[in-house]
Structure formats: structure tokens, C-alpha cells
Amino acid sequence: MCCAPLCVYLLHAQTWEHLVWLLERLQLREDQQLAITAGCEVFKRLLDRGLEARQALLKQQAAQAGTRLPNGLSADLETEERMAKQLQMLERKEQFLVLCAALFVACVLDVVQLARAMVLVWPFIPHFHLLGPAMMKRKAAAAAAAQQQRQKQQQPLQNGRGSSH
């Protein structure tokens, strides 16, 4: 799903609808769609690694919290501070990758598409980093609908053949 780790999975259906709505109005060429999809896959892999590292660090922090002294103080303040700094660094890295993904998508758009996107979403900030996942979700939905349509068309043929025997 793209370019942003957790936030992509937690988006409301309405947000996806807005992204798909925006995609339809941008009239992306096939080469732009391919570039955005490929670029977002790269950023998604990078973000997923960061998310995994952050989750592992949060588990370590939880385990560290279990080793508190009876007065509530940490038994190892240095380790706790080091983990807090690592967590902060991972969060900054994630924000930077989301920004890079958004810049990548914005650079794929031509000037007219970029201006159209900015005007259409005003006064909100466009989530360019989510256009790739929205595009992939839209394509998957279209492929599923086409598959269902093919199955519906094949059913009368199969039923007609089966009843003639």
C-alpha cells in the first residue's frame, strides 16, 4: 500500500474515495501511472523496514519498562535514553521518506496536473505520497470487478451447456 506505513492502513474509506476522485481528475498517462506505482513500491519497502525497526524498539522499551525499580525509576536510564533517541530518529526518518515519496509523485506530474491537484484539494494539503497506493487499490478493484463480470458472463454459458445434456 504504498508509501506511508501505518497511516496508509488506517485511512478512512472517505480518504481513499477522495484520493481516487483526485486521481480521476488528474488524467494520468500510463507512463505516469507506472512510474508512480513503481516509485511508491520502493518507498513502501523503505518505510516498512523503518516500521519494523520501530515496532521492535517499542517492544524493547516495553520490556525495559518491566525492569523498573520499586520506586518507579528505570533500572537502566542510559538504555532508556538511547532507545528514546533511536525511536525519535526512526520517526524522523519515516517523516523524511514520506516527504520524499510525495516529492517523487509531484515530480512525475506535469505542471498542469500539479496545479490541478493543488487547486482541487485546497484548503487541504494533498497527500501525494498516498496517490500510488490509491492507484494500486483502484486498479485492484477494477481487476476484481472485471473478473466478476467475466464469471457472470460465463455462468449462463455453463448453465446452458449443462441443461442440454
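The distance from atom CE of Met89 to atom CG of Leu57, rounded to the nearest 0.5 Å, is 8.5 Å. Taking CZ of Phe104 as the start and CG of Leu97 as the end, the distance is 13.5 Å to the nearest 0.5 Å. Note: Ile36 CD1 to Met135 CE = 4.0 Å, rounded to the nearest 0.5 Å. A distance of 8.5 Å separates CD of Glu94 from CG of Leu90, quoted to the nearest 0.5 Å.
In this structure, Gln153 and Gln149 have side chains that are in contact, with non-hydrogen atoms separated by less than 4.5 Å. Within the 4.5 Å cutoff, side-chain heavy atoms of Thr79 are placed close to those of Met83. In this structure the side chain of Leu109 reaches within 4.5 angstrom of the side chain of Phe128, judged on heavy atoms. Considering only heavy atoms from C-beta on, Asp48 comes within 4.5 Å of Lys44 through its side chain. You'll find the side chain of Leu130 stays beyond 4.5 Å of the side chain of Val105, heavy atoms only. At least one side-chain heavy atom of Leu120 sits under 4.5 Å from a side-chain heavy atom of Trp21.
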**Asked** Is there a side-chain contact (heavy atoms from CB on, under 4.5 Å) between Arg54 and Gln86 once you walk through the steps?
**Response** CA-CA 9 Å; Arg54 188 159 48 112; Gln86 284 178 321; over 6 Å; no
**Message:** Applying side-chain contact (heavy atoms from CB on, under 4.5 Å) to Glu80 and Gln61, what does each step give before you reach the verdict?
**Reply:** CA-CA 7 Å; Glu80 198 169 289; Gln61 278 185 325; 5.8 Å; no
**Asked** Under the side-chain contact (heavy atoms from CB on, under 4.5 Å) criterion, do Leu26 and Leu131 qualify, and how do the steps go?
**Response** CA-CA 11 Å; Leu26 292 180; Leu131 287 179; 4.2 Å; yes
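For Arg92, the side chain to side chain donor-acceptor pair (under 3.5 Å) test picks out no residue, with sequence neighbours left out.
Judged by distance alone, with hydrogens and angles left aside, the side-chain atoms of Gln33 form a donor-acceptor pair with the main-chain N or O of Leu28 at under 3.5 Å. Side-chain atoms of Gln113 come within 3.5 Å of backbone N or O of Gln27 as a donor-acceptor pair. Judged by distance alone, the side chain of Gln32 and the main-chain N or O of Arg29 form a donor-acceptor pair under 3.5 Å. A donor-acceptor pair under 3.5 Å is absent between the side-chain atoms of Glu91 and the main chain of Gln88, judged by distance alone.
For the residue pair Leu22 and Ala117, the shortest heavy atom distance occurs at CD1-CA, 3.9 Å. Of all the heavy atoms in Gly132 and Cys40, the pair that sits closest is CA-SG, 3.6 Å. In this structure, Ala134 and Val20 approach most closely via the heavy-atom pair O-CG2, 4.3 Å.
Residue pairs meeting the salt bridge (charged side-chain N to carboxylate O under 4.0 Å, His left out) criterion with at least one member in residues 146-155: none, sequence neighbours excluded.
Grouping the Ile, Leu, Val, Met, Phe, Trp and Tyr side chains by contacts below 4.5 angstrom, directly or via other members, places Leu23 with Met118.
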